[in-house]
Enquirer: 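The structure is given below, and queries will be raised subsequently.
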Amino acid sequence: MADLKKYQVTEARIIKMENLCGTIYDVTVENEYLAQASRCGQFVHIDCGEQFVLRRPISICEVTDSGIRFIFDVRGKGTKVLSEKQVGDTLDILGPLGNGFTPSDKKSLLLGGGIGVYPLFELAKQTKTCDVALGFRSKDLVTLEDEFKKQCDNLYIATDDGSYGFHGNALQAVKEKLESGAYEAVYACGPLPMLKALKTITDNLGIFCEISMEERMGCGIGACLCCNIKVEDDGEEGFKHLHVCKDGPVFNAKEVQF
Ligand SMILES: Cc1cc2nc3c(=O)[nH]c(=O)nc-3n(C[C@H](O)[C@H](O)[C@H](O)COP(=O)(O)OP(=O)(O)OC[C@H]3O[C@@H](n4cnc5c(N)ncnc54)[C@H](O)[C@@H]3O)c2cc1C
């Protein structure tokens, strides 16, 4: 049962709203509570308007001095309405929610694909020494390249159509280096096939790997069972179900059953 006392709804004022490219929007909101309580890898649940029963989950991209920044792609009706908000408007936000990443002092690899790139930015800022590999569909969708470059030792960009950087996905771009034992910790967010392939590699190497699972989500507080995933369990069945919203979205890759 969800412990409702630990969830906070807050009003946050939009102080920056920028269309980065195509249907990708970069938003910064001002709210002292969010600035203080938010950690890398957590997400917020945003009320996009009265017409929507459910809030929309969006990852925290950066924790700023006065609030948080998030970046989203317009995928359906909720995010379309969100993209029409203006600087000065107020958003009704539930959060921060979820557990977040565990930053490491060890040489790390951060791996992001598509909208999975954005939750890695605050993590990159907090990681002592890391390489970052980011995958996008095509060159026109490459975002945050210069910002990530400042936070890491090496930045690898991959595009599905080969129009910029490595031709393929982010994991393929660094697979050889990863398999050579260059990293002691890996963090990833992106399409399930990429996370699944990554888990096979990091399981074989026996290295620490955290993955953020952006499953379809309903309530965001563990009450509706919409976003459950299978994880390893010592019991008879060998697995149990956990909620992405309450127990995640970040999981140890070793435990996740795809
Ligand atoms: C933990 C988490 C973090 C996320 N972070 C980001 C982010 O940083 N940037 C970003 O662009 N997107 C992110 N997403 C995906 C984003 O939540 C969906 O694209 C968005 O909810 C779509 O809403 P919609 O009304 O536009 O689309 P619709 O398809 O009209 O939505 C209908 C319903 O399905 C749910 N839904 C649809 N697609 C998804 C999805 N992929 N994941 C979860 N719920 C979905 C919606 O929340 C809504 O309840 C995240 C999802 C999760 C679970």
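Remember, it's 1-based here, ligands and their atoms both numbered in the order they're listed. Counting begins at 1 with the first residue of the sequence.
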Enquirer: Do protein heavy atoms approach atom 50 (C) of ligand 1 to less than 4.0 Å?
Expert: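 Under 4.0 Å from atom 50 (C) of ligand 1, at least one protein heavy atom found.
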Enquirer: Using 30° and 60° as the class boundaries, would you call the ring planes of Phe148 and Phe121 parallel, tilted or perpendicular?
Expert: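 Ring orientation, 0 to 90° scale: perpendicular.
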Enquirer: In terms of residue, atom name and distance, what is the protein heavy atom nearest to atom 16 (C) of ligand 1?
Expert: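 Residue, atom and distance for the closest contact: Pro57 O, 3.4 Å.
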Enquirer: Between side-chain atoms of residues 92-102 and protein atoms elsewhere (two or more places apart, or another chain), which donor-acceptor pairs fall under 3.5 Å?
Expert:
{"residue": "Asp92", "atom": "OD1", "partner": "Arg55", "partner atom": "NH1", "Å": "2.9"}
{"residue": "Asp92", "atom": "OD1", "partner": "Arg55", "partner atom": "NH2", "Å": "2.6"}
{"residue": "Asn99", "atom": "OD1", "partner": "Val250", "partner atom": "N", "Å": "3.1"}
{"residue": "Asn99", "atom": "ND2", "partner": "Asp247", "partner atom": "O", "Å": "3.1"}
{"residue": "Asn99", "atom": "ND2", "partner": "Val250", "partner atom": "O", "Å": "2.7"}
{"residue": "Thr102", "atom": "OG1", "partner": "Glu210", "partner atom": "OE1", "Å": "3.4"}
{"residue": "Thr102", "atom": "OG1", "partner": "Glu210", "partner atom": "OE2", "Å": "2.6"}

Enquirer: Starting from atom 38 (N) of ligand 1, what is the nearest protein heavy atom, named by residue and atom, and what distance separates them?
Expert: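 Of the protein heavy atoms, Arg216 NH2, 3.5 Å lies nearest.
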Enquirer: Counting non-hydrogen protein atoms only, what is the nearest one to atom 12 (N) of ligand 1? Give residue, atom name and distance.
Expert: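 Going atom by atom, the protein heavy atom closest to atom 12 (N) of ligand 1 ends up being Ile115 CD1, 3.2 Å.
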Enquirer: Near Leu54, which atoms of ligand 1 are under 4.0 Å from a heavy atom of that residue?
Expert: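 Here the atoms of ligand 1 in question are 49 (O).
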Enquirer: Looking only at the side chains, is there a donor atom on one of Glu214 and Ser59 sitting less than 3.5 Å from an acceptor on the other?
Expert: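 On atom types as modelled, these side chains qualify, holding a pair under 3.5 Å.
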Enquirer: Need the ligand 1 atom indices (1-based, order shown) with element for anything under 4.0 Å from a heavy-atom of Thr79.
Expert: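 Near Thr79, meaning under 4.0 Å from one of its heavy atoms, ligand 1 has 24 (P), 25 (O), 26 (O).
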Enquirer: Indicate yes or no: does Asp89 engage Lys85 in a salt bridge with an N to O separation below 4.0 Å.
Expert: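 So Asp89 does not pair with Lys85 through a salt bridge.
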Enquirer: Take atom NZ in Lys77; do more than 12 heavy atoms of anything else shown fall under 6.0 Å from it?
Expert: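 No.
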Enquirer: For atom 19 (O) of ligand 1, what is the nearest protein heavy atom, given as residue, atom name and distance?
Expert: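 In this structure, atom 19 (O) of ligand 1 has Arg75 CG, 3.5 Å as its nearest protein heavy atom.
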Enquirer: Do me a favour and list the nearest non-hydrogen protein atom to atom 11 (O) of ligand 1 with residue, atom name and distance?
Expert: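 For this ligand atom, the closest protein heavy atom is Asp73 N, 2.8 Å.
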Enquirer: Can you tell me the protein heavy atom closest to atom 30 (O) of ligand 1 and the distance?
Expert: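 Nearest neighbour among protein heavy atoms for atom 30 (O) of ligand 1, to 0.1 Å: Lys77 N, 3.6 Å.
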Enquirer: With sequence neighbours excluded, what pairs up with Glu145 under the side-chain hydrogen bond (donor to acceptor under 3.5 Å, both in side chains) test?
Expert: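 Checked Glu145 against side-chain hydrogen bond (donor to acceptor under 3.5 Å, both in side chains); matches are Tyr164.
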Enquirer: Give the residue, atom name and distance (to 0.1 Å) of the protein heavy atom nearest atom 23 (O) of ligand 1.
Expert: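 Here the nearest protein heavy atom works out to Arg56 NE, 3.5 Å.
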